[in-house]
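All remarks here apply to the structure that follows.
Only heavy atoms go into these numbers, but all of them, side chains included; no hydrogens, no water, no symmetry mates. A quick note: this is a predicted structure, and the numbers were derived from the prediction, not measured. Both counts, for ligands and for their atoms, begin at 1 and track the order of listing.
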Amino acid sequence: SLSISPEVPIRYMNYHGMFVPDSYQLIADSIENFQIRDDDVWVCSFPKAGTTWTQEMVWNIGNNFDPNMAKTPLPIKFPFVEFTGTTTTGWISLNKADSIFPDHMSKSVEYAANLPSPRFLKTHLPFNLLPRQLRTREKKSKMIYVARNPKDVCISYYHHYKLLEGYCSTFENFSKLFLGDKVYYAPFWDHVISYWDNKENNDILFLTYEGMKKDLSSVIKQTAAFLNKSPMSPEQLCRLKEHLSFDSMKKNPAANYENAAESINASKIFGENFKAEGVFIRKGEYGQWKSFMSPELIERFDEWTKLKLENHRDLFDKMI
Ligand code: A3P
C-alpha cells in the first residue's frame, strides 16, 4: 500500500495489475460475483476518455429521449458500479445538503444490483476485472467502450485530480504518475488493449472520443444500431446532437457534476488549505496536448505508446 503524495490521505494498491485505492478489496468479491442481466447496457472506459458524454448518449438512445427521466442525475440513472472502491474516504463523508450524489454512493454495488431493468451501468474496470458473468458472456448484455488519446486523457485527468482528488502538484509531476501507472485504473494501455482484444468475442462496441468529436451523427447511428433501436428521424438525430453538444452538456445539471467538489466535502478530506480547482465538463477538445505538453514530454508519451502497442498495429492506427 502506498500514498501518491503527503496531501492525499488515500492509500493505494496494485489489485491484479490495476492501481486502485486499498478499499477496492472490500468490494472486489461483490464485483466478481455481480449478477448480469440480458438487458443490461454497460459503458466502460478508462477515466477521462469521455465516459459522461458516452453515458448521456447511450442513455438517451436507450430510453428514446424520455424527457422526464432525462432530468434525473446520471449517477442515479446510470450509476458507477465500483464507486466505493475508487474513492474511499472521500465519498463517505458526503455533504448531503447540496449533493448531486445520492446516499447510495457509499453502497454503489448494492445500488446497481438492485436497480430495475433495463439497467444502464458505468464502470472503469479493465476487461479482465469485470464481473465474471460479463467476461464470460453468460448473458446477452451490451458493452460499449470509449477510448481517447492518452495525452489528452492525461491532461484531463490532471485537472480531474485537482478538482476531486486533492492533488496539488504540477502537471509535470502528474504526467510521471500517469506514465508510471500510478493513477486510478492504470496502466492505461493495458486497459484499452483489454477491451480491444475482446471486442469481437464479446460483442463490444469500441468507440473513440475523437470519433465522437469528428462525426457524432455516425456514432449515434452506430450506437443505436448496436442497441437494436430503430433508426432515428433526422429531427430526432438533430435534437440528440444538440443535447450532447459540449455547451449543452456543460449547462445540464443532470450531467455536469457541478458542485461535485463541495458534495464530497473536499476540504474536510484533503485539509482546509485544499481548494478544488476547475470544472468537470472542462474543455472538450482533442489534440490539447499540442499546446499543453513540452516537446520532451510528447516524445516520452510517443515512445511509451510505441512500446506498449508493439503488437497492436491496428489499435495504434485507430487511436494515434
Ligand atoms: P476535458 O477535461 O479534456 O475537457 P469523463 O467523463 O470520462 O470523466 O471525461 C471527461 C472529459 O470529457 C472532459 O474532457 C470533458 O470536458 C469531456 N466532455 C464531457 N462532455 C463532453 C461533450 N459533450 N463534448 C466533448 N467533450 C465532453
**Message:** For atom 18 (N) of ligand 1, what's the nearest protein heavy-atom neighbour? Residue, atom name and distance, please.
**Reply:** Tyr209 OH, 4.3 Å

**Item:** Contacting atoms of ligand 1, where contact means under 4.0 angstrom from a heavy atom of Phe280
**Value:** 6 (O), 8 (O), 15 (C), 16 (O)

**Item:** Lys229 NZ: over 12 foreign heavy atoms closer than 6.0 Å
**Value:** yes

**Shortest protein heavy-atom distance from atom 3 (O) of ligand 1, along with the residue and atom involved** = Arg148 NH2, 2.9 Å

**Request:** Report the relative orientation of the aromatic rings in Trp304 and Phe301; use parallel for angles under 30°, tilted for 30 to 60°, perpendicular for over 60°.
**Result:** perpendicular

**Fill in**
When distances are taken from atom 23 (N) of ligand 1, the protein heavy atom at minimum range is Leu244 O, 2.9 Å

**Prompt:** Considering only the protein, which heavy-atom contact is closest to atom 19 (C) of ligand 1, and what is its distance?
**Reply:** Ile281 CD1, 3.6 Å

**Prompt:** Where does Arg282 meet ligand 1, judged by heavy-atom distances below 4.0 Å: at the side chain, the backbone, both, or neither?
**Reply:** both

**Message:** Testing the 3.5 Å rule here: is there a donor-acceptor pair between the side chains of Glu82 and Thr123?
**Reply:** yes

**Item:** Geometric class of the Phe34/Trp42 ring pair [parallel <30°, tilted 30-60°, perpendicular >60°]
**Value:** perpendicular

**Item:** Ring-face cation of Lys162 near Phe171 (centre distance under 6.0 Å, axis angle within 45°)
**Value:** no

**Complete:** atom 8 (O) of ligand 1 sits nearest the protein heavy atom Lys48 NZ, 2.9 Å

**Message:** Centre-to-centre under 6.0 Å for Phe292 and His159, is that the case here?
**Reply:** yes

**Asked** Do the ring planes of Tyr185 and Phe80 sit parallel (below 30°), tilted (30 to 60°) or perpendicular (above 60°)?
**Response** tilted

**Request:** For Lys122, check salt bridge (Lys or Arg N to Asp or Glu O under 4.0 Å) against everything at least two apart and list the hits.
**Result:** none

**Prompt:** What class does the angle between the rings of Tyr167 and Tyr161 fall in, given that below 30° is parallel, 30 to 60° is tilted and above 60° is perpendicular?
**Reply:** perpendicular

**Fill in**
ligand 1 atoms nearer than 4.0 angstrom to some heavy atom of Ser245 are 23 (N)

**Asked** Within 45° of the ring axis of Phe226 and under 6.0 Å from its six-membered ring centre, is that where the NZ or CZ of Lys142 lies?
**Response** yes

**Asked** Counting each atom of ligand 1 from 1 as listed, which ones have a heavy atom of Lys283 under 4.0 Å away?
**Response** 4 (O), 16 (O)

**Prompt:** Where does Asp152 meet ligand 1, judged by heavy-atom distances below 4.0 Å: at the side chain, the backbone, both, or neither?
**Reply:** neither

**Request:** Examine Lys213 against ligand 1 and note whether any of their N/O atoms are separated by less than 3.5 Å.
**Result:** no

**Request:** Ignoring hydrogens, just give me the one of Ala255, Ser45, Gly50 whose non-hydrogen atom is nearest atom 9 (O) of ligand 1.
**Result:** Gly50

**Asked** Side chain, backbone, both or neither: which part of Ala49 has a heavy atom under 4.0 Å from ligand 1?
**Response** backbone

**Asked** Nearest protein heavy atom to atom 7 (O) of ligand 1, by residue and atom, and its distance?
**Response** Thr51 OG1, 2.5 Å

**Request:** May I ask you to establish whether Lys151 and Tyr157 are in a cation-pi arrangement, using a distance under 6.0 Å from NZ or CZ to the six-membered ring centre and at most 45° from the ring axis?
**Result:** no

**Polar atom proximity, Phe46 to ligand 1 (N or O, under 3.5 Å)** = no

**Prompt:** For ligand 1, which atoms, with element, lie under 4.0 Å from some heavy atom of Gln288?
**Reply:** 3 (O)

**Prompt:** What about Glu285: any of its N or O atoms under 3.5 Å from an N or O on ligand 1?
**Reply:** no

**Prompt:** What atoms in ligand 1 come closer than 4.0 Å to a heavy atom of Met249?
**Reply:** 20 (N), 23 (N)

**Asked** What residue and heavy atom of the protein are closest to atom 6 (O) of ligand 1, and at what distance?
**Response** Thr52 OG1, 2.5 Å

**Request:** Report the nearest protein non-hydrogen atom to atom 13 (C) of ligand 1: residue, atom name, distance rounded to 0.1 Å.
**Result:** Ser156 OG, 3.7 Å

**Message:** Angle between ring planes, Phe206 versus Trp196, binned at 30° and 60°: parallel, tilted or perpendicular?
**Reply:** perpendicular

